[in-house]
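Scroll down for the structure; my scribbles are underneath it.
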There are 2 protein chains.
Amino acid sequence: MNQSTSGIAPPSKKQIEAQSAVFKALGHPARLCMVHALGQGERCVCDLRDLVDLDMSTVSKHLAVLRNAGVVSGEKRGNWMFYRLRLPCVAGFLDCLQKHL
Amino acid sequence: MNQSTSGIAPPSKKQIEAQSAVFKALGHPARLCMVHALGQGERCVCDLRDLVDLDMSTVSKHLAVLRNAGVVSGEKRGNWMFYRLRLPCVAGFLDCLQKHL
DNA sequence: TTGCTATTTGGCAAAATAGCCAAATAGAAA
DNA sequence: TTTCTATTTGGCTATTTTGCCAAATAGCAA
């Protein structure tokens, strides 16, 4: 037999999809590493490439995943593309993880 | 040419791995759905199975992913296995996502 | 214009993940 | 003991993800 269920409404399927896309985007070591760096300010793709030591095209695709999930945003200035963190809550959550893991 | 880099020490590779395991665990609609439910209190596997409508064995494997990442913990009482949320910061982060997505 | 630099996109093979069924396990009940 | 119930594990295929190379794109410089 099952437990009785709570009366609080769960998030919609759309919300769950959007939220899990954010988590999925952060759920890769290279992407999380880049997000950590972006937490300290904007970076160009070349900086992030040096950080994670992957092919430039791979880094670009990782950034596309983060962009599509709404985690970061990019702005082109001259030849460079600068990325910045778009979700303010990420930094605080990372701090909390640091403590509890 | 690259930007100048900050002097703040980045997290260790081990920390990055542990943190991205948490995000990866949360980065699946069914698992996130279950975590939402667990945010309101412990649930047995059968309750979670009803929630996400997947095979019992699939639910069990999803819970193993969450357990291995440190997101939830399980306790057996009688025939039932009860899972509960182990990371207090998840609920607050989900609230923040709700606002900013 | 041509050339150079930074980034993105297409395509492919390798690796990881998801979900099912069947079988194993553990504990309660008869 | 045997049986039933809840959960986990093994194994398998289908799907998704990752990361490289090559090619395309965009903007600056000459």
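Side chains are part of it too, since the values below use all heavy atoms of this structure and drop only hydrogens, waters and symmetry mates. Quick note on labels: first sequence line is chain A, next is B, and so on, each numbered from 1. Only a predicted model underlies this, so the values are computations on that prediction, with no experimental measurement involved.
Note: CH2 (B/W80) to P (D/dC4) measures 16 Å, nearest angstrom. In this entry the distance linking CG of A/D55 with C1' of D/dA23 reads 13 Å, nearest Å. Separating the CZ atom of B/R77 from the C1' atom of D/dT5 is a distance of 17 Å, rounded to the nearest angstrom. Atom P of nucleotide D/dT16 and atom CD of A/E17 are separated by 12 Å, given to the nearest angstrom. Residue B/L54 contributes atom CG, which lies 11 Å from atom P of C/dC21 at whole-angstrom precision. The nearest whole Å value for the distance from the NE2 atom in B/H28 to the P atom in D/dT17 is 10 Å. Rounded to a whole Å, the CG atom of B/D50 is 13 Å from the C1' atom of D/dA6. Here the C1' atom of nucleotide C/dT8 and the CG atom of A/L48 are 15 Å apart, to the nearest Å.
At a non-hydrogen distance threshold of 4.0 Å, B/S57, B/T58, B/K61, B/H62 from residues 57-74 of chain B come into contact with DNA chain C.
For B/K24, the listed nucleotide lying nearest its side chain is C/dT17; candidates were C/dA18, D/dT7, C/dT17. The side chain of A/N79 has C/dT5 as its nearest neighbour among C/dT7, C/dT5, D/dT8.
Around the CZ atom of A/R86, the shell of radius 6.0 Å holds no more than 12 heavy atoms that belong to other residues, nucleotides or ligands.
The nearest heavy atom of DNA chain D to A/M56 and to A/G78 marks one nucleotide each, and the one closer to the 5' end goes with A/M56.
Backbone-only engagement by A/M81 is indicated by non-hydrogen atom pairs under 4.0 Å involving sugar-phosphate atoms exclusively. Among the heavy atoms of the strands, none lies under 4.0 Å from B/R49.
For the pair B/A25 and B/R31, the tightest heavy-atom approach, listed with the atom from each and the gap, is O-NE, 2.6 Å.
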- Which is it for B/S20 and A/L26 under the side chain to side chain contact (heavy atoms under 4.5 Å, CB included) test, yes or no, and what are the steps along the way? CA-CA 6 Å; B/S20 62; A/L26 293 166; over 6 Å; no

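Checking side-chain atoms of A/N68 against main-chain N and O of A/A64 turns up a donor-acceptor pair under 3.5 Å.
Phosphate contact (OP1/OP2 of C/dA18, side-chain N/O of B/R31, threshold under 4.0 Å): present. OP1 or OP2 of C/dT8 has at least one side-chain nitrogen or oxygen of A/Y83 nearer than 4.0 Å.
Counting heavy atoms from C-beta outward, A/R84 and A/V72 have side chains that stay 4.5 Å or more apart.
Using a 4.0 Å cut-off between a side-chain N of Lys or Arg and a carboxylate O of Asp or Glu, A/E17 and A/K24 do not qualify as a salt bridge.
Residues meeting the side-chain contact (heavy atoms from CB on, under 4.5 Å) test with B/V45, sequence neighbours left out: B/M56, B/V59, B/L63, B/M81, B/Y83.
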